[in-house]
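Worksheet for the structure shown next.
Every heavy atom of this structure was used, including side-chain atoms; hydrogens, water molecules and symmetry mates were not.
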Amino acid sequence: MTASLPQTLVLIGAGKMGGAMLEGWLRIGIDPKGISLIDPKPSDEMVALANEKGMRVNPSAKEIPAADVVVLATKPQMLDTAAPAVQAFIHPRTLLISILAGKTLGDLAARLPNAGAIIRAMPNLPAAVQRGATAAAPGKGVSAAQRATADALLGSIGKVEWLDDEGLIDAVTAVSGSGPAYVFHLVECLAAAGRDAGLPADVAERLARATVEGAGELLFQSPLPPGTLRQNVTSPGGTTAAALEVLMADDGMKPLMRKAVAAAKRRAGELSG
């Protein structure tokens, strides 16, 4: 179904992720005059952008006609406090999209009973450069048209994966939600290993960073699976093969990553509710 962009959209929480999403919406052509920002302490940059584009900042619910979409992007722990104010922006035809970590569709429905159509989404940090990975799970009241609208909004910041089972969100959090930190730590570790191998610290860091940047871009542009790309740069008996013998050993990277993702998933479950 072709997505219909919302005429009126309320963004509640204009922090880093909310701001990244806002930039994406403007890029895909949403009329900024139909966007309202709700944030008790918006940044100077956000206020300047709103003034430049004609967006409203902290209007009352009475000033906004029935919103097509409300996007909830506050900190999860603020949900209980913010719920009464958020509720006022939600009308029977409003689609609510929540990116609150740990807050289930049930949690949201209980605290925001006006919301008949709710989508729970989990974006990640690269959304800030339009290369995000977002997984989304729709509630039962979401129509095909609303799902298409959400797909367009979330797709403005990167790739979107739709889940039939909301219970998979904790695994998403552990893989793509927290995953950028794992990659950043890989750069730290590769740079440290370069220093131990004798490289000057600044050179080791630049090489490690450029290597991961380049490998990521190659992965982005290539249709080949990552295993094939790995094989393509691994000559039998060569230096890469020697390193991979260590990384692919029984106690190498795969079991370590499994443990890391399992720990993150477990913690995501503990934070739910």
Sub-3.5 Å donor-acceptor pair from the side chain of [X] to the main-chain atoms of [Y], do we have one?
X	Y	result
T8	D68	yes
R120	I99	no
S235	G238	no
Q146	S143	yes
S176	V172	yes
T173	I169	yes
D39	A14	yes

For [X] and [Y], work out which heavy atoms get closest and say how close.
X	Y	result
S156	M21	OG-O, 4.2 Å
A264	Y182	CB-OH, 3.6 Å
I38	P59	CD1-CD, 3.6 Å
P6	T149	CD-CG2, 3.9 Å
A133	N124	N-OD1, 2.9 Å
V10	A67	CG2-CB, 4.0 Å

Pairwise distance [atom1]([X]) to [atom2]([Y]) - rounded to 0.5 angstrom:
X	Y	atom1	atom2	result
S43	K16	OG	NZ	10.5 Å
L247	M253	CG	CE	4.5 Å
L11	M55	CG	CE	9.0 Å
E245	T240	CD	OG1	11.5 Å
W162	R147	CH2	CZ	5.5 Å
I64	H91	CD1	NE2	8.0 Å

Using the side-chain contact (heavy atoms from CB on, under 4.5 Å) definition, which of the options I119, T134, V160 pairs with D151? V160
For residues [X] and [Y]: do they belong to one hydrophobic cluster (side chain heavy atoms under 4.5 Å, members Ile, Leu, Val, Met, Phe, Trp, Tyr)?
X	Y	answer
M122	L105	no
I157	L26	yes
V86	I118	yes
M17	I28	yes
L154	L95	yes

Given side chain to side chain contact (heavy atoms under 4.5 Å, CB included), test E270 with K265 step by step and report yes or no. CA-CA 9 Å; E270 292 169 354; K265 180 183 176 183; over 6 Å; no
So with a 6.0 Å cut-off around [atom1] of [X], is the heavy-atom count from everything else above 12?
X	atom1	value
E161	CD	no
D164	CG	no
Q7	CD	no

Checking side chain to side chain contact (heavy atoms under 4.5 Å, CB included) for the pair L100/M78: CA distance, chi angles, key distance, verdict? CA-CA 10 Å; L100 305 191; M78 293 176 62; over 6 Å; no
Flag side-chain contact, heavy atom, 4.5 Å: [X] against [Y]:
X	Y	value
L153	I97	yes
P255	D250	no
L22	I35	yes
L79	L108	yes
P226	L219	yes
L112	L72	yes
K259	K254	no
Q77	K103	no

Could you go step by step and tell me if L49 and K53 meet the side chain to side chain contact (heavy atoms under 4.5 Å, CB included) rule? CA-CA 6 Å; L49 177 64; K53 299 292 186 180; 3.8 Å; yes
Under 3.5 Å, is there a donor-acceptor pair between the [X] and [Y] side chains?
X	Y	value
Q87	N114	yes
D107	T104	yes
T234	Q231	no

Taking it one step at a time, do T94 and F89 satisfy side chain to side chain contact (heavy atoms under 4.5 Å, CB included)? CA-CA 9 Å; T94 301; F89 292 102; over 6 Å; no
So that I can tick it off, tell me whether [Y] and [X] are bridged by a salt bridge, with the cut-off set at under 4.0 angstrom between side-chain N and carboxylate O.
X	Y	value
R209	E205	no
D202	R206	yes
E63	R56	no

